[in-house]
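The block underneath contains the structure these notes are about, expressed in structure tokens.
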Amino acid sequence: MDTRRLNAFVKIVDIGSITRASTVLHIAQPALSQQIAALESHFGKPLLIRSKRGVVPTEAGKILYRHCQMILKQMDQAQLDILSSERGISGFVSVGLAPLSVGSFVATRFVMVLKEEHPGIILHINETVGGIISEMMLAGKMDIALIYDPGGVPGLMFEPVQSEELYFVTTKALKEGVREVFLEDVVANPLILPSGIHTIRQVIDIALNRSDLEAEVVMQTESISLLAGAIAEGLGSTILPRSAALAMCRRLPEARRYRVLKPNMSVNMAICVSKQLPLSEPAMVVKARLAELLEEIANEDSM
């Protein structure tokens, strides 16, 4: 199988047009159509549905597209590994981080540690919600992710690394010496929370339903910078995992964090990798170092 055909197929699916793909790939359209025809002949199934609006993959085409992503990524990594075999561990590693999580808290430190220990490894860090990260992992577009443990996704492996309790973060002055608050007291304040697809929000909503409570949600965001700005302007308070709450208080010296109890709420973090696509040597190094760093931070917090 000529990998150039696979690359051409991926580009056509990404662009949605054979004509535009031929321009990008600098291949004549008839020659590009012949490559797709050769693939369809090889697999014995149509791979693209053609219309006046462009092309979309058939079910067989979607399966091939996922495998192409993995194959081409492995080929690129093989070339990098061969070229750098005499220069130490190097290569490109894509890492996904769930927003408003311990990932945001450790990201800068993680990059600095990797740069010092393995300068040949180039990290691409993508912060987005867990569902999107899972899709990217399954498509072979991401190597490793640190996300909230969803309890199992076919095709992915999850290594539990940390459990964190949720904290109320506010600029509102509470009674001196108070370190814990009840959920019913938290929801007496306007809240800024992530949207319903975020694990934190789902945990909060379940606790509210079980306690027969309602929250006044004045804004929804997964961006820690927007969240910090809104809290600083007095628009509301929020509920975050311990590490993210600590990061927020570092951004806003006037903010305070209080452990939420009755009911106590917590979220579980896990390192996620693909079951089908083996990790490259740089990705294995990154995964191991990420796990070590999280353990170091957990030990620091317990001291």
Side-chain angles (χ1 to χ4, degrees), residues 1-85 90-97 120-145 147 153-157 197 272-284 286:
M1 175 65 66
D2 189 341
T3 56
R4 288 176 296 180
R5 291 179 183 172
L6 302 182
N7 184 63
F9 176 73
V10 167
K11 188 63 68 176
I12 290 169
V13 172
D14 286 341
I15 294 175
S17 165
I18 294 178
T19 302
R20 292 200 298 273
S22 69
T23 301
V24 172
L25 294 169
H26 304 291
I27 300 174
Q29 185 175 335
L32 194 56
S33 295
Q34 287 177 3
Q35 290 191 26
I36 300 304
L39 282 174
E40 291 178 326
S41 175
H42 178 85
F43 290 106
K45 288 182 179 290
L47 300 173
L48 297 173
I49 300 173
R50 298 159 176 82
S51 70
K52 292 181 180 179
R53 295 188 219 173
V55 297
V56 294
T58 62
E59 286 304 312
K62 291 176 183 177
I63 294 171
L64 179 60
Y65 178 83
R66 288 198 299 270
H67 283 283
C68 284
Q69 294 278 4
M70 298 177 188
I71 293 167
L72 294 172
K73 186 176 180 181
Q74 284 183 299
M75 291 297 293
D76 289 342
Q77 189 60 54
Q79 186 171 10
L80 283 172
D81 289 346
I82 291 168
L83 290 174
S84 63
S85 58
S90 63
F92 179 88
V93 181
S94 177
V95 180
L97 300 176
I121 295 178
I122 301 172
L123 289 179
H124 173 225
I125 296 181
N126 189 335
E127 188 176 54
T128 186
V129 292
I132 295 174
I133 289 178
S134 296
E135 291 176 7
M136 294 178 72
M137 295 286 294
L138 289 168
K141 294 182 177 181
M142 189 173 287
D143 300 299
I144 303 161
I147 60 177
V153 175
L156 299 178
M157 292 188 295
I197 62 172
C272 172
V273 296
S274 171
K275 282 184 179 178
Q276 293 144 350
L277 184 61
L279 292 176
S280 65
E281 186 179 13
M284 286 190 286
V286 169

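Just so it is clear, the structure is predicted and the values come from calculations on it, not from any experiment. Note: hydrogens, waters and symmetry copies are ignored here, and every other heavy atom, side chains too, is used.
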Could you tell me whether the side chain of [Y] reaches within less than 4.5 Å of the side chain of [X], counting heavy atoms only?
X: Val286; Y: Leu279; answer: no
X: Gln74; Y: Pro278; answer: yes
X: Thr19; Y: Leu32; answer: no

Rounded at 0.5 Å granularity, tell me how far [atom1] in [X] sits from [atom2] in [Y].
X: Met157; Y: Cys272; atom1: CE; atom2: SG; result: 8.5 Å
X: Cys68; Y: Arg66; atom1: SG; atom2: CZ; result: 11.0 Å
X: Ile147; Y: Ile132; atom1: CD1; atom2: CD1; result: 11.5 Å
X: Ile18; Y: Thr23; atom1: CD1; atom2: OG1; result: 12.0 Å
X: Ile71; Y: Thr3; atom1: CD1; atom2: OG1; result: 9.5 Å
X: Glu127; Y: Ile133; atom1: CD; atom2: CD1; result: 8.5 Å

In sequence, state the C-alpha distance, the side-chain angles, and the governing distance for Ile36 and Glu40, and then conclude on side chain to side chain contact (heavy atoms under 4.5 Å, CB included). CA-CA 6 Å; Ile36 300 304; Glu40 291 178 326; 4.1 Å; yes
Which pairs of donor and acceptor atoms, one on a side chain in residues 57-64, lie under 3.5 Å apart (sequence neighbours left out)?
from  : atom 1 : to    : atom 2 : distance (Å)
Thr58 : OG1    : Pro46 : O      : 2.7
Thr58 : OG1    : Leu47 : O      : 3.4
Thr58 : OG1    : Ala60 : N      : 3.4
Thr58 : OG1    : Gly61 : N      : 3.0
Glu59 : OE2    : Lys62 : NZ     : 3.3

Between [X] and [Y], which heavy-atom pair has the shortest distance, and what is it?
X: Met142; Y: Ala145; result: SD-CB, 4.4 Å
X: Leu138; Y: Met70; result: O-CE, 3.5 Å
X: Leu156; Y: Ser274; result: CD2-CA, 4.0 Å
X: Pro282; Y: Ser90; result: CG-O, 3.1 Å
X: Gln69; Y: Ala139; result: CB-O, 2.9 Å
X: Met136; Y: Asn126; result: CE-ND2, 3.7 Å

Just by modelled atom types, is the [Y] backbone N or O under 3.5 Å from a matching donor or acceptor in the [X] side chain?
X: Lys73; Y: Gly140; answer: yes
X: Asp143; Y: Ser94; answer: yes
X: Ser41; Y: Ala37; answer: no

Audit row: Ile27, Arg4, side chain to side chain contact (heavy atoms under 4.5 Å, CB included) steps and yes/no: CA-CA 11 Å; Ile27 300 174; Arg4 288 176 296 180; over 6 Å; no
Please step through side chain to side chain contact (heavy atoms under 4.5 Å, CB included) for the pair Val55 and Ile15, ending with a clear verdict. CA-CA 9 Å; Val55 297; Ile15 294 175; over 6 Å; no
